[in-house]
Amino acid sequence: MTKLTADTFDSPAAYSAALAEFLRSDPRAEPYIGYRAPNLEHAANHLRGLQALIFDEGWSRLGWPESTGGLGGDPRLRAAMFQTLWDLDIQIPEPFTTLEILVPVLLVFAPHLADELLPGLLRGDDTWAQAFSEPDAGSDLASLRTRMEPDGDGFRLYGQKVWSTFGHLSRRSVLLARSGGPGHKGLTMVLVDLDQDGADVRPIRAQDGENHFSEIFLDGAFVPKERVIGELGQGWAVAMYMLQWERGAWGWIQQGRFHKRLEQMLAWAPTDQRHSASIGHAYTLAAALRLHTRDTVERLAREETLGPEVSIDKLLLIDAETATWNTVREHIGARLETDPDMHWLFGEYMFSRAAPIYGGSLEIQRTLVAQRVLGMPRD
Ligand SMILES: Cc1cc2nc3c(=O)[nH]c(=O)nc-3n(C[C@H](O)[C@H](O)[C@H](O)COP(=O)(O)OP(=O)(O)OC[C@H]3O[C@@H](n4cnc5c(N)ncnc54)[C@H](O)[C@@H]3O)c2cc1C
């Protein structure tokens, strides 16, 4: 096989066409096309094979800098990879979404960590979680209480995190802790190993029976000083920088899924004219999300800083995700909940109910748009 390099592809469209051809024709990709996960743990194990395949063949390394083990080239190739996978009905491995949020931050604030760790993440040999929220600190994140105390060549962590997506399947976590006084100026971002004494990760079972999240109890877990992301006390700035990917890049990845599910729903469930309004509504919102986040992805690729307007991406995502799964449920009906073959889709439906909460709640995003984008008074 020809070795892939950045100049093999003139455009994301050329890359997409070549990747689709590879996935359709290589028998090693077959187990991933149309794969339906019986549960999250099975998906994590199974899709690691896909990660290894497209890493070893070079596809997932395009769009990442060569210094980090990537093959260089336009960062929009990464966005094209996600769209191509959805178009072929291939589930995006969860670690891809996490690294698409976390690694761009490392490239700016801790390039040594991106250089060291990106290949393992991309290949599926390593998995990370994000541990910001605490039982008493969600929307009001700056009030978090997990402490970070100096110890020799590093720091020890004490406190409790909650709602870490895929925490129990992750080897490490990006974590926000308090290294100084109260408020956002006292916060620092670190990368902590979860497989050590002093870090106890306990899965939380959600209503669909799946372990979507974890609690993380920290009682002296050690973080070497090289694992600080940015400077001590710079954690809030790092977290705010991260939001561009958490809201923008995430929205792009998800819109591919919404389009695919709407298309599949029409094939799976007979529908008539009475339903056309709800399908049209969901499709319109998914299309709006696609257009807006495409622009966001282009701007991120040009290294523009987006600021608070990225809340618009999140608000469009909430509407599109909610409407897509409302219409899927309406059309598939009770089978969605009772048919074991539909369990994987029911999981997606249940997850969609959390769209107005995860990554920053609906109310907080609307307030940010009103105050920070439109300049309305804060009181
Ligand atoms: C599916 C999912 C995945 C998640 N994954 C992660 C993860 O990987 N890592 C992580 O750290 N966290 C994660 N979270 C946690 C998420 O970030 C928080 O749930 C979210 O920030 C809201 O915080 P909270 O749950 O404490 O609710 P609260 O902040 O207590 O909010 C409760 C309600 O009050 C409203 N509210 C709060 N403050 C205001 C205000 N000032 N003005 C108006 N309304 C307000 C909110 O909008 C919300 O409706 C996840 C959550 C979900 C649902």
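This structure is a prediction, so every number in the text was calculated from the model and none was measured. All ligand and atom numbering here is 1-based and tracks the order in the structure.
Side-chain contact annotation: Q160 with E215, donor-acceptor N/O pair under 3.5 Å present.
For the pair R294 and W252, the NZ or CZ position fails the cation-pi test of under 6.0 Å to the six-membered ring centre and within 45 degrees of the ring normal. Both the sub-6.0 Å distance and the 45° axial angle are not jointly satisfied by K161 relative to the ring of F217.
Ligand 1 lies under 4.0 Å from heavy atoms of Q130, A131, F132, S133, G138, S139, W163, S164, T165, F213, F351, A354, I357, Y358, S361, E363, I364.
Ring centroids of F213 and W163 are separated by less than 6.0 Å, placing the two rings close together.
Qualifying salt bridge (Lys or Arg N to Asp or Glu O under 4.0 Å) partners for R372, counting only residues two or more places apart in sequence or in other chains: none.
Among all heavy-atom pairs drawn from W86 and I253, the shortest one is NE1-O, 2.8 Å.
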